[in-house]
Amino acid sequence: MNKELESLGSHSESKEFQDYMQEYMQIEEVEQKGALREGVVVSINEQEGYAMVSVGGKTEGRLPLSEIRDAQGRLLFGVNDTIQVYVSLKGERPSVSYKRALAFVKNQEKIQALGADFKDKVVEGKVARENKGGYIVVDNEGVEYFLSKAQSSLKRDAKHTGKHIKACISAIDPENASISISRKRFFDVYSKYQHEQSQKLVESGAIYTGVVKSVTSFGVFVEVEGVEGLVHYTEITHRGSTNPAKHFKEGDLVQVKALSYDEKKKRLLLSIKATMEDPWEEIQAKLKVGYAIKVVVNNIENYGVFVDIGNDIEGFLHISEISWNKDVKHPSDYLELNQEIDVKIIEIDSKNRRLRVSLKQLSDKPFNEFVSKHRVGDVIEGKVATLTDFGAFINLGGVDGLLHNKDAFWESDQKCKEHFKVGDVVKTKILKIDKDNEKISLEMKYSQPSPTETFSQKHRVGDVIEGKIVGMKDFGIFVSVEGIDVLIKTEDLYPLKKEELKMGDVVTSVVVAIEKTNNRVRASVRRLERKREQDQLHAFNAGDTKMTLGDKLSGKF
């Protein structure tokens, strides 16, 4: 090309012609491989969003305004300002780029810093864009690397823009400021390095400073001494399992210690909590079960609350230990995050790293308060809290009392769940207070006379009654008399034969017992015969005139 220029120059000494040919050479050079050029902003078209930049002579290229705006949207250059651009020829008009020029300079600086010993140097960055030959990877400093598809080890049919990768430098081109990288080579080099370096980290037992590379739900990936390891979420803090995202973000510096290396899985396990003193030793020395301590609510779950007791240890407050009220729906109804509360230590299990506390045990039991104010026989009002097959639990304000079906109704076939619903307000009488087992028994049938009491107003022991058989048991039969079931024991059926009796038969008997307390009446057929004899004797005696012994004897002589 220089010879061609000399040849043309010999035919004309016109400087204008020589300048034209020099510009032609520059354009040809740009067309071949692109170049860094100093240009001048000729015009700015805000409406169309581009600026025209002169890159030599009459040659102009179009530059998108988006490349020369700052974060606030202001233009960095104006008309007639000098600007460094990267020029390449696409079609008839040269293409100019300010961003490409900046990257070109950074790449040149990187190549210079690498020197001759660049082979297999590890770099990392994110895939910025894809082209026909491969991918452009950009590191944190803005240096661009070219990763060919053949050396990428990436699926061809997937989208990889934004993917974080590591690769080895395979070649550099100082003239074009181009740096080629290979992921395939990185896997070969890194696998051996990871094995050797990981073993060294584990064997040393030392504490290292690492960089958080990524945060997941199951742990944190940390790079230390050129290799990457996992800090499982159970190895972050002595508190136990924790959410890694609450503690770390990408780029954070952390102190870690290597625990183990699985050569088969190529997995290095790290620990953060191993770099700190074990707070459980201090817990064992300073705290005892029964101590009251001040804590802060750290996390609220459906089943309970985790509290911060300091010294990097969490205690657990189960939902059942929040209040003496058994009807606690959710801990958040009583507590809120960051709330400071006083609790009582109820368990210290250093072996399993578990500390349980109680909030309710620092207050007096509602049962004790209830007993101090009430006695057996007191009539008290409460709300139906729970209905069961055997009765109902009545909330008496802090404590529940049991109203059994048999204590609610005189009729044996009646049930609370058929008469009440949860929330109903009812009046009951305290039947029993069991202090040892902290149980309260209630009754409601006190408000109505028992069927036995009603029966006793019409009948007394010795009265003859008549009723139909309504039940037959091994121990006797039941006969219905005026709405009450009267028991006649088997031994009291004589002279009747039980095997000859059947349901519905009418039986006449005599009342032998009326038990108002137990609501029971017993009768006897056997005694009926004796009563009849006694009645006849009484009747006979009542009809005779009084006779003396002399009267009786006088009749004999």
Side-chain angles (χ1 to χ4, degrees), residues 320 323-330 333 366-367 370-371 373-434 437-459 465 467-489 502-507 513-523:
S320 64
S323 171
W324 291 110
N325 181 5
K326 297 179 181 178
D327 195 28
V328 179
K329 301 298 183 184
H330 196 278
D333 294 336
F367 181 83
F370 181 87
V371 171
K373 296 179 180 179
H374 300 90
R375 298 288 182 270
V376 172
D378 288 355
V379 175
I380 188 170
E381 192 175 81
K383 283 186 179 181
V384 177
T386 310
L387 292 168
T388 68
D389 286 335
F390 55 84
F393 286 96
I394 311 299
N395 185 273
L396 306 173
V399 295
D400 286 350
L402 172 60
L403 176 63
H404 202 281
N405 289 331
K406 66 180 179 59
D407 297 319
F409 310 101
W410 292 110
E411 298 81 1
S412 59
D413 61 340
Q414 297 297 302
K415 293 185 177 182
C416 290
K417 66 179 184 180
E418 297 171 353
H419 293 265
F420 308 125
K421 61 180 182 295
V422 174
D424 283 352
V425 177
V426 295
K427 280 187 177 181
T428 60
K429 185 166 73 172
I430 300 175
L431 184 63
K432 181 181 178 182
I433 297 177
D434 183 350
N437 297 306
E438 297 185 359
K439 292 181 179 180
I440 301 168
S441 299
L442 306 171
E443 70 163 324
M444 184 182 286
K445 61 185 183 182
Y446 73 91
S447 60
Q448 296 179 348
S450 69
T452 303
E453 188 172 349
T454 303
F455 180 87
S456 68
Q457 293 174 3
K458 296 181 180 180
H459 303 282
I465 56 174
K468 289 183 179 180
I469 298 176
V470 292
M472 301 187 74
K473 305 291 182 181
D474 291 339
F475 53 83
I477 66 171
F478 287 94
V479 294
S480 178
V481 181
E482 297 180 14
I484 188 170
D485 292 345
V486 178
L487 171 63
I488 303 176
K489 292 184 177 181
K502 61 181 183 299
M503 296 288 286
D505 285 352
V506 176
V507 177
I514 299 176
E515 301 175 12
K516 296 181 182 179
T517 305
N518 298 321
N519 193 37
R520 289 187 300 192
V521 176
R522 287 194 302 112

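Being a predicted model, the structure only gives us computed values, none of them experimental.
- Annotation for V426 and M444: closest pair CB-CE, 3.8 Å, computed over non-hydrogen atoms.
- Counting heavy atoms from C-beta outward, S441 and D407 have side chains that stay 4.5 Å or more apart.
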Exercise. Please walk me through it: do D333 and V328 pass side-chain contact (heavy atoms from CB on, under 4.5 Å)?
Worked result: CA-CA 8 Å; D333 294 336; V328 179; 5.8 Å; no
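- Taking all atoms of both residues into account, the shortest heavy-atom contact from V506 to K468 is CG2-CG, 3.9 Å.
- Between N405 and C416 the shortest heavy-atom distance is OD1-N, 2.9 Å.
- The line from CD1 of I430 to CD of E443 is 11.0 Å long, rounded to the nearest 0.5 Å.
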Problem set entry | side-chain contact (heavy atoms from CB on, under 4.5 Å) between V479 and D485, worked out | CA-CA 6 Å; V479 294; D485 292 345; over 6 Å; no
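- Within 6.0 Å of NZ on K445 lie more than 12 heavy atoms contributed by other residues, nucleotides or ligands.
- Taking every heavy atom of both residues into account, M503 and V470 meet most closely at CE-O, 3.1 Å.
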Problem set entry | salt bridge (Lys or Arg N to Asp or Glu O under 4.0 Å) between D378 and R375, worked out | CA-CA 6 Å; D378 288 355; R375 298 288 182 270; over 6 Å; no
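- Taking the side chain as every heavy atom from C-beta outward, V384 and I394 approach each other to under 4.5 Å.
- The number of heavy-atom neighbours closer than 6.0 Å to NZ of K383, taken from other residues, nucleotides and ligands shown, is 12 or below.
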Exercise. Stepwise, does the side-chain contact (heavy atoms from CB on, under 4.5 Å) test hold for L431 with L442?
Worked result: CA-CA 5 Å; L431 184 63; L442 306 171; 5.8 Å; no
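- Within the 4.5 Å cutoff, no side-chain heavy atoms of T454 are placed close to those of W410.
- Taking the six-membered ring where the residue is Trp, F393 and F390 present perpendicular rings, their angle passing 60° and hence far from 30°.
- Between D389 and K415, no side-chain nitrogen of the basic residue sits less than 4.0 Å from a carboxylate oxygen of the acidic one, so the salt-bridge criterion is not met.
- Using a 30° and 60° split on the angle between ring planes, F409 and H419 fall in the tilted class, from 30° to 60°.
- Salt-bridge formation is detected for the pair D424/K421: a Lys NZ or Arg NE/NH1/NH2 atom is positioned less than 4.0 Å from an Asp or Glu carboxylate oxygen.
- Side-chain contact between I380 and T428 is present, with heavy atoms from C-beta onward closer than 4.5 Å.
- Residue pairs meeting the side-chain hydrogen bond (donor to acceptor under 3.5 Å, both in side chains) criterion with at least one partner in residues 470-482, sequence neighbours excluded, are H459-E482.
- Scanning all heavy atoms of the two residues, the minimum distance from V486 to A523 falls at CG1-CB, 3.6 Å.
- Residues W324 and V399 are not in side-chain contact: their nearest non-hydrogen atoms beyond the backbone lie 4.5 Å or more apart.
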